[in-house]
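All figures in this text were calculated on a predicted structure; none of them were measured in a lab. So you know, we letter chains A, B, ... as the sequences are listed, proteins then strands, and number each from 1. Values below: every heavy atom of this structure, side chains too, minus hydrogens, waters and symmetry copies.
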Amino acid sequence: MSKKAELLSLRKEILNDEFSFLNPPQREAVFSNDGPLLILAGAGSGKTTTVISKIGYLIRYGNAYNSQEIDFTDDDGEFLKECLANKKMRDGERYFRLMSPSPVDAYNILAITFTNKAAGEMRERLEKQYGIDSGKLWALTFHSFCVRILRRFCDRLGYNRNFTIYDDTDSHRVIESLIKKYRLTERYNAKTVARIISTAKSRNTSADEYSGENDIEKIYRDYQAELKAANAFDFDDLIFMTVRLLSLDEDVKSIVNNRFRYILVDEYQDTNPIQERLISLLAPSGRICVVGDDDQSIYRFMGAQVENILNFEKRFRNAKTVRLEQNYRSTQTILDAANAVIKNNEDRKGKNLWTDAGEGEKISVCHLQSQSEEGDFICRAITERKEKEGLRNNDFCVLYRTNAQSGAIEHALRLHGISYRVFGGLPFFKRKEVQDILAYMNVICNPNDRTRLLRIINEPKRGIGDTTIEKINSICDKTGRSFFDITAHADSYAELQRSAEKLKDFAGIINELTEKSERMRPSELCSEIISSIHYEYELKKQYETNEAISRIENVRELINSIAGYEEAEENPTLLGYLEQTALVSATDSLDENEPAVTLMTMHCAKGLEFNTVFITGFEEGLFPSSISLLETGGVEEERRLCYVAITRAKKKLFITNVASRMIFGSARPAIPSRFLKEIPEELIEETETRRPERPAQRRTKPLSERPLLTNSVTVMPGSKAPTKKYRTGQRVRHKVFGDGVITGVTEMSSDSMLEVEFETVGKKKLMANYANLKEIL
DNA sequence: TAGAGAACGATTTTT
DNA sequence: TCGTTCTCTA
């Protein structure tokens with residue numbers, strides 16, 4: 001063996017040792033960087049660890065494992081041998097000269113995920129384990145990556161860089177008004193049209209290129225024109241426009257390609273065609289690594305194409321595939337069940353999960369009579385396992401197919417006094433009162449944002465109705481002036497005589513706030529908005545006490561949320577905050593340590609794990625859903641969902657179904673899900689059997705048991721569950737308002753309202769649960 | 001223009 | 001059943 005070959009092989013040995021905490025396929029995935037790489041990562045197979053290690057390897061060692069390049073002198077062999085024997089030697093200039101001929105700069109790596117949570121975790125782990133600066137290495141979601149590109153280059157598409165982002169509620173509003181404008185309400189609803197437009201964009205089809213029904217073509221074009229005029233992008237546009245930019249503007253493309261030399265994409269099975277297109281444009285070099293699991297593709301209804309992962313090797317030439325099949329999460333029993341179920345699908349790459357963790361407990365399947373029994377059973381099982389296994393509430397998760405199922409389970413948990421939190425439902429940032437205030441903030445940033453302007457022009461009620469708005473719209477069309485401009489000068493238009501005063505008042509409020517926004521922190525501006533429109537007073541007027549309290553809490557929580565943003569961000573701006581809120585989701589806020597049982601849909605649970613998992617409503621028509629039975633490939637998609645649900649469990653899985661389920665108010669008989677038969681009998685123990693048939697009872701919940709507001713128990717970002725006891729005279733510290741003394745405590749339904757006299761900002765009212773006050777001396 | 005009552009329609013939702 | 005949107009009337 002030549003000297004060089006010897007050194008290269010020593011180098012490999014050292015690298016294998018450096019990454020010996022990984023299993024062989026994981027290491028192969030880390031070391032393979034010569035061309036496109038597909039990592040097929042089964043549930044719980046250490047996917048994130050592998051990706052993090054890969055990035056760490058690239059930055060520390062470049063592609064050294066497969067590189068022939070080595071700069072050595074005579075006695076380097078001895079040195080490497082010492083390094084192999086002694087970990088402490090692996091540092092310093094000489095070591096890296098031999099071990100890392102061409103390291104990759106963090107600046108040249110781009111890691112893309114779907115959720116903020118995943119991106120955040122990645123940034124955190126890179127920072128912690130490899131000291132990688134998250135300002136240098138972009139680990140972002142598809143959408144936030146595109147926002148960054150667009151903020152820099154969107155002027156080339158004719159947009160202004162302070163654009164706002166429309167969520168689907170905003171899109172709906174625009175589409176709805178267009179449907180009304182063309183008098184098509186009989187034929188279309190906004191939801192369907194929004195879906196069609198979204199699908200078109202996800203297929204890289206612009207409004208001009210789109211061909212379909214005339215009316216839809218018209219609406220799509222107008223919708224796009226409206227967004228452009230409002231200087232806004234919808235979610236699909238963020239990606240669609242970035243793709244346009246990269247494919248049409250060579251200059252931008254080369255800037256972007258020059259920066260990002262290595263691309264990593266997580267959850268590749270969930271990409272849609274336009275995202276795949278984006279990835280191709282980003283990785284012309286072929287230095288791309290995608291990670292995913294075709295068996296966990298559960299977002300087809302959102303446009304995801306499993307084909308992207310199935311055809312990866314065709315799409316990217318010379319691609320290599322590595323399978324991660326060793327599972328570090330679950331027992332063999334749980335994995336056997338998951339494998340057995342997913343085996344019934346045809347369109348898949350094929351994988352078989354295994355573990356050396358041992359067989360574990362059997363899967364408990366329980367047939368129950370009604371939903372209330374189902375809930376009751378879950379509570380008893382939780383209590384029993386808490387006692388026997390020493391588990392805590394946060395070790396448990398209850399999964400269901402539809403959000404509507406949560407009610408009965410919540411009811412049971414309340415009766416048993418088990419604390420819980422529900423994910424999904426209406427997320428915090430989608431709530432009406434929160435959206436209203438955010439709309440004010442959006443308008444202040446971007447007065448062209450007509451959709452938000454329309455939302456707040458009569459919110460709270462100012463006596464500005466549809467007729468007035470119609471009139472302003474037609475003046476817009478005639479004069480070409482902006483909606484806000486006309487509102488502000490309403491008295492110059494004869495047709496607006498009657499409402500001119502009200503319109504000018506409104507414009508005055510906005511102008512004043514806009515002016516203030518220049519010298520106020522976003523959180524201050526937010527409370528300024530709330531007080532200048534007397535919003536809390538309006539809420540009290542509009543809703544009954546409990547609901548008004550809850551909505552006021554939400555509005556105040558919004559201020560807290562902004563304050564939190566200001567604290568976390570080096571350079572907080574209003575626009576930055578709005579961008580963040582536009583791109584957050586419910587599960588982003590999951591705090592694993594909070595002592596509560598988790599309730600969520602199976603979709604929401606992807607990527608999470610719990611000691612004990614309950615899969616409820618295992619019934620035909622519900623799971624698989626009756627609608628899925630009609631769609632081609634629908635059952636396969638549901639089966640993948642089942643696979644995802646089963647593999648969330650680490651130690652113990654419960655599956656429940658009922659004989660009679662309330663659907664839309666009436667009790668309907670249910671039969672066990674077909675997926676149950678796909679789980680081998682020897683993995684199952686049936687712990688409870690159905691009682692003899694008896695007529696379904698009508699239950700009307702007493703008022704006191706009903707939740708005050710739907711989702712009132714949903715844990716919101718930043719909030720902390722346990723209510724601390726506060727008393728007057730106590731000194732406290734608030735992260736924005738500073739130090740103060742409690743001057744009043746008013747107990748409310750589930751929280752208490754505190755009056756605090758702050759040293760610097762004076763008297764404030766805060767909700768105890770959300771204010772996050774620290775006790776001080 | 002606002003509010004009350006009728007009619008409708010209803011999986012899943014990373015951003 | 002329940003929550004949102006539509007339509008009518010004061």
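- Under 4.0 angstrom from either OP1 or OP2 of B:dT11 there lies no side-chain N or O belonging to A:Ser628.
- Under the stacking definition used here (centres under 5.5 Å, planes under 30°), the residue A:Phe301 qualifies as stacked on the base of B:dT12.
- Atom CD of A:Gln405 is separated from atom C1' of C:dC2 by 16 Å (rounded to the nearest Å).
- The aromatic rings of A:Tyr299 and A:His603 lie tilted to each other, with the angle between the two planes from 30° to 60°.
- A 6.0 Å sphere centred on OH of A:Tyr182 holds more than 12 heavy atoms belonging to other residues, nucleotides or ligands.
- For the 3.5 Å distance criterion, the side chains of A:Asp449 and A:Asn231 fail to qualify, holding no donor opposite an acceptor.
- A close approach under 4.0 Å does occur between a side-chain nitrogen or oxygen of A:Asn403 and OP1 or OP2 of B:dT13.
- Less than 6.0 angstrom separates the ring centroid of A:Tyr159 from the ring centroid of A:Phe233.
- Side-chain nitrogen and oxygen atoms of A:Thr601 include at least one within less than 4.0 Å of the OP1 or OP2 phosphate oxygen of B:dT13.
- Taking atom CD1 of A:Ile663 as the reference point, atom P of C:dT1 lies 14 Å away to the nearest angstrom.
- Within the 4.0 angstrom heavy-atom criterion, base atoms lie near A:Glu631.
- Among the atoms of the strands shown, only primed sugar atoms or phosphate atoms (P, OP1, OP2) are found under 4.0 Å from some heavy atom of A:Lys461.
- Rounded to whole angstrom, the span from the NZ atom of A:Lys191 across to the P atom of C:dC6 amounts to 14 Å.
- Note: NE2 (A:His172) to P (B:dT13) measures 15 Å, nearest angstrom.
- The aromatic rings of A:Phe142 and A:Phe114 sit tilted, their planes meeting at an angle between 30° and 60°.
- No contact: A:Ser144 has no heavy atom under 4.0 Å from any strand.
- Rounding to whole angstrom units, CG of residue A:Asn189 and C1' of B:dA7 are separated by 15 Å.
- Comparing A:Glu637 and A:Asn458 against DNA chain B, the residue whose closest nucleotide sits nearer the 5' end is A:Asn458.
- Using a 4.0 Å heavy-atom cutoff across all strands shown, A:Asp167 reaches no nucleic acid atom at all.
- In this structure, A:Leu238 reaches neither bases nor backbone, as no heavy-atom distance under 4.0 Å exists between it and the strands shown.
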